[in-house]
Amino acid sequence: MDYKLVDVPELGYFTTDSPHARGELLVKTKLITSENYQRADLTAEVFDEEGVLKLSQGEFVALAKLESIFASSPLVHQIYLYGNSSRAYLLAVVVLTQAAIQQASDERALKATISESLQRIAKEAKLNPYEIPRDLLIETEPFSQENGLLSDSTKHVRPRLKDHYGEQLERRYAELAEGQANELRGLRHDKSRPVVETVARAMQAVLGMPEGELNPETRFTDLGGDSLSALSLSNLLRETFDTEVSVGTLIGPANSLRQIADHIEQLHSPSTERPSFARVHGEFATAARAEDLTLDTFIDQATLTAAKSLPQPTDTPRTVLLTGANGYLGRFLCLEWLERLAPIDGNLICLVRGADSTAARRRLEGALDSGDTELQLRFAELAATGTLQVLAGDIGMANLGLTDQTWQRLAATVDLIVHPAALVNHVLPYRQLFGPNVVGTAELIRMALTTQLKPISYLSTVAVASHGAATLDEDIDIRVASPVRPIDESHAGGYALSKWAGEVLLREVHDLCGLPVTVFRSDMILAHGRYTGQLNVPDTFTRLVLSLIATGIAPQSFYRTDDSSRQPRAHYDGLPGDFVATSVATLGAGTAGYRTFNVVNPHDDGISLDAVVDWLADSGTTIHRIEDYQEWHERFEAALRALPEKQRQHSLLPIVHAYREPAAPLAGSVVPATRFQEAVRAAGIGPEKDIPHLSRPLIEKYLTDLRHLGLT
């Protein structure tokens, strides 16, 4: 008789959705029943729920979709997935195939075999760890219409399945939680086991895995571990061994279970004792003081004494050590320095994490392989000159993870150290970032003071200002402007604090022996202006652009407005990655003094996030603007949750709370950049011989790059 489409905000469906309107289809008819009279069970069969569940860590899982994937196992006849929003993982009920029943020796072995099969399928389907059932119940009676567990259309009747198995599954949840707690208590008190066994059991306990022998070459990430579960494991290992094992070490691509155990044993050796958060700031410190960060805590006295008599560097660098070359800015710095060193037969030594130098080089090549043929050919041409050497190392380890022989060789030959490497994580606390970001910087300072003085170019962040000093002038001494900083759990607070600590140490070493230091405090580093696919997919700006394109909705303005303007004059701070790399390489090659540059876009040009939305719309992207900001945010979050998995993973969803309120409009950058702008103009950096504005061509390149990467 009639029909219409209506919005369903709680599911993220709106008639304004792009590229197609979405919503609930309402049909007016004399023929379709609304329900079965006094038969809720039959109604449940007809109106089958999709089975979407939110786990305790905030991740959504589509149960029906996952069941269809796992049902492809040759051991699985039927499978029912079960979750509880107070738990972080799923459980399953598995009805066995005849083949599985016949090969079963005992239930424990059978469950292990089924779990292995599900793990293989999950890996092939590229599922997330939280989408894989952690434990299962074995069922021999199939789900059917006769026992009420299947509908007439052979779909799961979830209310019936939950009634039938829910009590057993909740009991299993409780048993697993109790077992995990007992295992954790046992690990904390039983110090008699071999370290490698304790580490294995700690991994199993944190991840809630069933008992069993783990391969010593297995990595934590291979078991489904991520940075948050690594934080739990790090805390457990600290309680068990009284030793700091950072999250970066646990999730490192080269660190297997055996290597983590070896690392713990080395840390317990008096000859290899390393600085720790507790040793420098105090076990229960709630504030970090610049006076805590003394060089003699990190570097032996003989090296510090000898550094005072070393001559100052005077020549143009011919051998450059670059850390984190496979990182987002690091890869552009790698290209920039290869271009500079190849004509003078210089050497670029790139430090990259990996099991060995071959694996490290593959990681660097993979970072540069974005599908741009021109980029790949140019890198291959530069690498073929013999200028490039890639070493497997880790800034979070003693000697940067290098052998003594390699360390000494670098100490004798390197002329300049360029240090963009860091564990960049805006959730982890300062304690977890202390090892790679603070102790790692101290290790590079030690190399800079060994055999000959080596200038250091250090990549810091403008977050040092937003989480500490009220102002961040390029002339200030950070130790004076911000002598004490709170240790808290604010977003990005730990990262900013670790970069502050690095600046303090560099000020200390400059005072000690006049070591030349150039600090670059960077803000948002945007896409490369030239090479296809070279954009930082995980960063906030890329997530925002992708989310605007995918949802097709934006606020009337991202900024607080008054009655006189719907879109106030504002500014977005960000610079192209190639411009930042050229600036760092050009301005960081100096051989004297201590200089700080705030690498920001300071122009009061009115180019804001609102302008970005305009450019996207003008380039053919359908974007509907919503007048009320709160309405936009609610609809935006719902739409993000409804995106396909690949887009949802790279969307703003994990940090959408940061956009809950409109931002205050700013005219230019939050920090001054007079020295940086003067230096850029004097050196003639970039096509404009000045700091570039955010431009429409760069935003249009985001559209091309996201499409190229299969994200839109």
Side-chain angles (χ1 to χ4, degrees), residues 12 16-19 328-329 332 370-372 424 426 522-559 567 570-580 600-601 605-626 629 632-633 635-660 662-663 666 692-712:
T16 55
D17 285 350
S18 175
Y328 183 61
L329 179 61
F332 304 147
S370 59
D372 189 304
V424 182
H426 291 172
S522 177
D523 200 357
M524 180 60 66
I525 301 176
L526 302 173
H528 193 285
R530 175 180 175 187
Y531 292 128
T532 301
Q534 287 296 340
L535 75 171
N536 195 12
V537 174
D539 74 28
T540 303
F541 186 79
T542 308
R543 288 177 180 272
L544 175 61
V545 173
L546 170 61
S547 299
L548 291 171
I549 296 170
T551 63
I553 55 175
Q556 183 62 45
S557 176
F558 277 98
Y559 306 92
Q567 289 187 340
H571 170 81
Y572 186 79
D573 198 342
L575 293 171
D578 46 335
F579 171 79
V580 175
V600 297
N601 172 354
D605 51 17
I607 299 176
S608 67
L609 291 179
D610 294 339
V612 171
V613 176
D614 290 338
W615 290 336
L616 290 173
D618 291 344
S619 299
T621 303
T622 302
I623 297 183
H624 173 68
R625 277 197 154 105
I626 298 173
Y629 190 92
W632 166 77
H633 188 271
R635 291 178 56 174
F636 186 60
E637 182 172 1
L640 292 177
R641 297 194 185 282
L643 290 176
E645 175 62 23
K646 186 175 181 180
Q647 285 187 319
R648 190 169 70 244
Q649 283 184 344
H650 299 294
S651 74
L652 267 180
L653 187 58
I655 52 174
V656 70
H657 60 276
Y659 291 81
R660 188 173 293 117
L666 295 174
H693 297 255
L694 182 61
S695 67
R696 176 170 175 166
L698 187 65
I699 298 306
E700 291 176 341
K701 182 177 180 293
Y702 271 87
L703 284 168
T704 303
D705 286 348
L706 289 170
R707 193 177 305 119
H708 172 78
L709 297 175
L711 292 173
T712 60

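On a predicted model such as this, the values are computed, not experimentally measured, just so you know. Any value given below was found using the heavy atoms of this structure, including those in side chains, with hydrogens, waters and symmetry copies removed.
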Task: Flag for Thr16-Arg635: side-chain donor and acceptor within less than 3.5 Å - done: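 Yes, Thr16 and Arg635 have a side-chain donor paired with an acceptor closer than 3.5 Å.
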
Task: No-hydrogen, no-angle side-chain donor-acceptor test under 3.5 Å, Asp610 and Ser557 - done: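 Yes, a side-chain donor-acceptor pair sits under 3.5 Å.
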
Over all heavy atoms of both residues, which pair between [X] and [Y] is shortest? Give the atoms and the distance, please.
{"X": "His528", "Y": "Arg530", "answer": "ND1-N, 3.0 Å"}
{"X": "Thr712", "Y": "Leu703", "answer": "OG1-O, 4.4 Å"}
{"X": "Asp614", "Y": "Arg625", "answer": "OD1-NH1, 2.8 Å"}
{"X": "Tyr328", "Y": "Asn536", "answer": "CE1-N, 3.3 Å"}
{"X": "Lys701", "Y": "Gln534", "answer": "NZ-O, 4.1 Å"}
{"X": "Gln649", "Y": "Arg543", "answer": "O-NH1, 3.2 Å"}

Main chain of [Y], side chain of [X]: is a donor-acceptor contact present, judged purely on distance under 3.5 Å?
{"X": "Ser651", "Y": "Leu640", "answer": "no"}
{"X": "Glu637", "Y": "Leu653", "answer": "no"}
{"X": "Thr542", "Y": "Pro538", "answer": "no"}
{"X": "Tyr629", "Y": "Tyr559", "answer": "no"}
{"X": "His633", "Y": "Val656", "answer": "yes"}
{"X": "Thr621", "Y": "Leu616", "answer": "yes"}

Task: Sub-6.0 Å ring centroid separation between Tyr702 and Phe541 - done: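 Yes.
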
Separation between [atom1] of [X] and [atom2] of [Y], rounded to the nearest 0.5 Å:
{"X": "Thr551", "Y": "Gln647", "atom1": "OG1", "atom2": "CD", "result": "9.5 Å"}
{"X": "His708", "Y": "Leu706", "atom1": "NE2", "atom2": "CG", "result": "11.0 Å"}
{"X": "Lys646", "Y": "Leu709", "atom1": "NZ", "atom2": "CG", "result": "8.0 Å"}
{"X": "Phe636", "Y": "Ser547", "atom1": "CZ", "atom2": "OG", "result": "4.5 Å"}
{"X": "Ile607", "Y": "His693", "atom1": "CD1", "atom2": "NE2", "result": "6.5 Å"}
{"X": "Leu711", "Y": "Ile549", "atom1": "CG", "atom2": "CD1", "result": "9.5 Å"}

TODO: Assess whether ring-ring contact (aromatic ring centres under 6.0 Å, His included) is satisfied between Tyr659 and Trp632, documenting all intermediate values.
DONE: CA-CA 10 Å; Tyr659 291 81; Trp632 166 77; 7.1 Å; no

Counting only pairs under 3.5 Å, give me each side-chain donor-acceptor contact of residues 572-579, with atom names and distances, residues two or more places apart or in other chains.
| residue | atom | partner | partner atom | Å |
| --- | --- | --- | --- | --- |
| Asp573 | OD1 | Asn601 | N | 2.7 |
| Asp573 | OD2 | Ser669 | OG | 2.8 |
| Asp578 | OD1 | Gly529 | N | 3.1 |

Open item on the list: Using side-chain contact (heavy atoms from CB on, under 4.5 Å), reason through Trp615 and Leu694 one step at a time and then give a plain yes or no.
Closed with: CA-CA 11 Å; Trp615 290 336; Leu694 182 61; 4.2 Å; yes

Open item on the list: Are the side chains of Ser608 and His571 in contact, using a 4.5 Å heavy-atom criterion?
Closed with: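 Contact flag for His571/Ser608 side chains = no.
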
Task: Heavy-atom check, side chain of Glu700 versus side chain of Ser695, under 4.5 Å - done: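 Counting from C-beta outward, Glu700 and Ser695 never come under 4.5 Å.
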
Task: His426 and Ile655: CA distance, side-chain angles, deciding distance, side-chain contact (heavy atoms from CB on, under 4.5 Å) verdict - done: CA-CA 10 Å; His426 291 172; Ile655 52 174; over 6 Å; no

Task: Partner set under salt bridge (Lys or Arg N to Asp or Glu O under 4.0 Å) for Arg648, not counting sequence neighbours - done: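 Salt bridge (Lys or Arg N to Asp or Glu O under 4.0 Å) check on Arg648 returns Glu645.
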
